[in-house]
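Reckoned from all heavy atoms, side chains included, excluding hydrogens, waters and symmetry mates. Convention: sequence-line order gives letters A, B, ...; per-chain numbering from 1.
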There are 2 protein chains.
Amino acid sequence: MSRVKPELSRRERQIMDILYRSGAATASEVLARLPDPPSNSAVRTLLRILEEKGHLRHEQDGPRYVFHPIVPREAARRNAMRHLLTTFFDSSNEQAFAAMLDLGKEPLAEEELTRLQEMIDRARAEGR
Amino acid sequence: MSRVKPELSRRERQIMDILYRSGAATASEVLARLPDPPSNSAVRTLLRILEEKGHLRHEQDGPRYVFHPIVPREAARRNAMRHLLTTFFDSSNEQAFAAMLDLGKEPLAEEELTRLQEMIDRARAEGR
DNA sequence: AACATACTGCTAAAAATTTAGCAAGAGCGT
DNA sequence: ACGCTCTTGCTAAATTTTTAGCAGTATGTT
């Protein structure tokens with residue numbers, strides 16, 4: 001079971017990303033958010049292909065299809081995070097965390113810092 | 001200046017990832033690490049293309065070329081991190097951090113937790 | 001009910017990506 | 001110096017990706 005998933009093509013990835021950002025979307029919605037918009041027809045074809053390959057499913061909503069990713073966001077997250085960690089951070093949580101802190105232009109809210117701290121405490125307690 | 005960079009194709013990305021993991025590599029080294037290895041010739045062509053597009057440069061090392069990414073790792077990191085954050089974590093540092101903690105099979109070392117904590121303290125102090 | 005609009009399915013074609021072959025040159029060991 | 005191996009440059013071809021066109025069907029608006 002669970003055959004190998006050949007990595008997605010450029011457009012396929014763009015579309016999956018959009019879907020993961022919005023949770024679900026129709027063909028036109030996807031089109032609207034595509035960086036380099038092709039025709040509506042082109043987008044639909046890609047959606048159909050992604051569905052055939054088992055990355056999406058669709059539900060009917062009145063006259064149109066609403067597409068959802070099949071792999072749940074949390075699982076996709078984990079994979080993406082792991083990939084990022086190994087590719088750019090030598091699997092170092094610290095480095096990744098540091099990069100995260102550096103990202104935002106706004107300083108982090110005091111509240112947020114507190115919650116992060118709590119997570120660490122919890123990890124300690126649970127022997128994580 | 002700085003024209004738009006059309007996103008990389010599948011193979012191009014695989015290759016750039018390898019290069020970012022190893023820092024630099026020859027054609028054969030890249031080939032050896034490719035998941036779905038094509039011919040050596042194919043890899044070289046891709047490397048040449050990536051160089052033309054300005055993603056790589058090469059240095060001669062005796063008889064062979066050693067390829068380096070042009071965009072420094074730290075910059076590429078930031079972009080990748082930002083992309084991950086917006087696509088899968090609604091730009092929430094907390095969620096991303098939580099996912100990070102969940103990733104490792106091994107519990108985090110006490111030492112590492114301490115260092116993470118220090119980063120937070122520092123962020124507080126600096127009004128980050 | 002008729003019209004305009006917004007979908008879908010399917011198909012063909014264009015464009016891009018990906019692949020590999022072949023000739024030539026450099027380096028290395030015998 | 002010879003032959004062997006590994007490299008590159010260039011080119012052509014196969015494959016995949018990406019695009020759009022056209023016909024048909026549903027929706028809903030007047």
Q: Go through the structure and list residues passing salt bridge (charged side-chain N to carboxylate O under 4.0 Å, His left out) with B/Arg115, not counting sequence neighbours.
A: A/Glu94, B/Glu111
Q: Provide, to the nearest angstrom, the distance between the CG atom belonging to A/Leu46 and the C1' atom belonging to D/dA20.
A: 12 Å
Q. Just by modelled atom types, is the B/His58 backbone N or O under 3.5 Å from a matching donor or acceptor in the B/Glu51 side chain?
A. yes
**Q.** Those residues that, when tested against B/Glu29, pass salt bridge (charged side-chain N to carboxylate O under 4.0 Å, His left out) (two or more places apart)
**A.** none
Q: Mark yes or no for whether B/Arg77, through its side chain, and A/Phe89, through its backbone, hold a donor-acceptor pair below 3.5 Å.
A: no
Q) Starting at CG of B/Leu56 and ending at C1' of D/dT8, how long is that distance when rounded to a whole Å? A) 16 Å
Q: Rounded to the nearest angstrom, tell me the gap between atom CG in A/Asp61 and atom C1' in C/dC7.
A: 12 Å
Q) Does B/Ser28 place a side-chain N or O at less than 4.0 Å from the phosphate oxygens OP1/OP2 of D/dT7? A) yes
Q: Report the distance from atom CZ of B/Arg64 to atom C1' of D/dG9, rounded to the nearest whole Å.
A: 17 Å
Q: Would you mind telling me which of D/dT8, C/dA20, D/dT19 lies closest to the side-chain atoms of B/Asn40?
A: D/dT8
Q | Position toward the 5' end of DNA chain D (nearest nucleotide), A/Glu7 or A/Pro37 | A | A/Glu7
**Q.** From D/dT8, C/dA20, D/dT18, nucleotide with atom closest to A/Ile49 side chain
**A.** D/dT18
Q. In whole angstrom, what separates A/Gln60's CD from C/dT8's C1'?
A. 9 Å
Q) ring-ring contact (aromatic ring centres under 6.0 Å, His included): which pairs involve residues 98-117 of chain B, sequence neighbours left out? A) none
Q) How would you list all residue pairs meeting salt bridge (charged side-chain N to carboxylate O under 4.0 Å, His left out) that involve residues 32-41 of chain A, not counting sequence neighbours? A) none
Q: Quickly work out the A/Arg13 CZ to D/dT18 C1' distance and round it to whole Å.
A: 14 Å
Q: Please state whether the phosphate of C/dT18, meaning OP1 or OP2, lies under 4.0 angstrom from any side-chain nitrogen or oxygen of B/Ser9.
A: yes
Q. Along nucleotides 21-30 of chain D, 5' to 3', which nucleotides get a B, which get an S, and which get a -, given that the test is a protein heavy-atom distance under 4.0 Å?
A. B-----S---
Q.
Can you see if the side chain of A/Arg11 gets near the phosphate of D/dT18 - specifically, an N or O under 4.0 Å from OP1 or OP2?
A. no
Q: Using whole Å, report how far CG of A/Leu47 lies from P of C/dC7.
A: 13 Å
(Q) Measure CG/B/Leu31 against P/C/dT18 and give the value in whole Å, please. (A) 15 Å
What pairs of donor and acceptor atoms, side-chain ones from residues 81-88 of chain A against any protein atom, are under 3.5 angstrom apart with sequence neighbours left out?
unit_1	atom_1	unit_2	atom_2	d
A/Arg82	NH2	A/Asn79	OD1	3.2
A/His83	NE2	B/Asp17	OD2	3.0
A/Thr86	OG1	A/Arg82	O	3.3
A/Thr86	OG1	A/His83	O	3.2
A/Thr86	OG1	B/Arg21	NH1	3.1
A/Thr87	OG1	A/His83	O	2.8
A/Thr87	OG1	B/Arg21	NH2	3.1

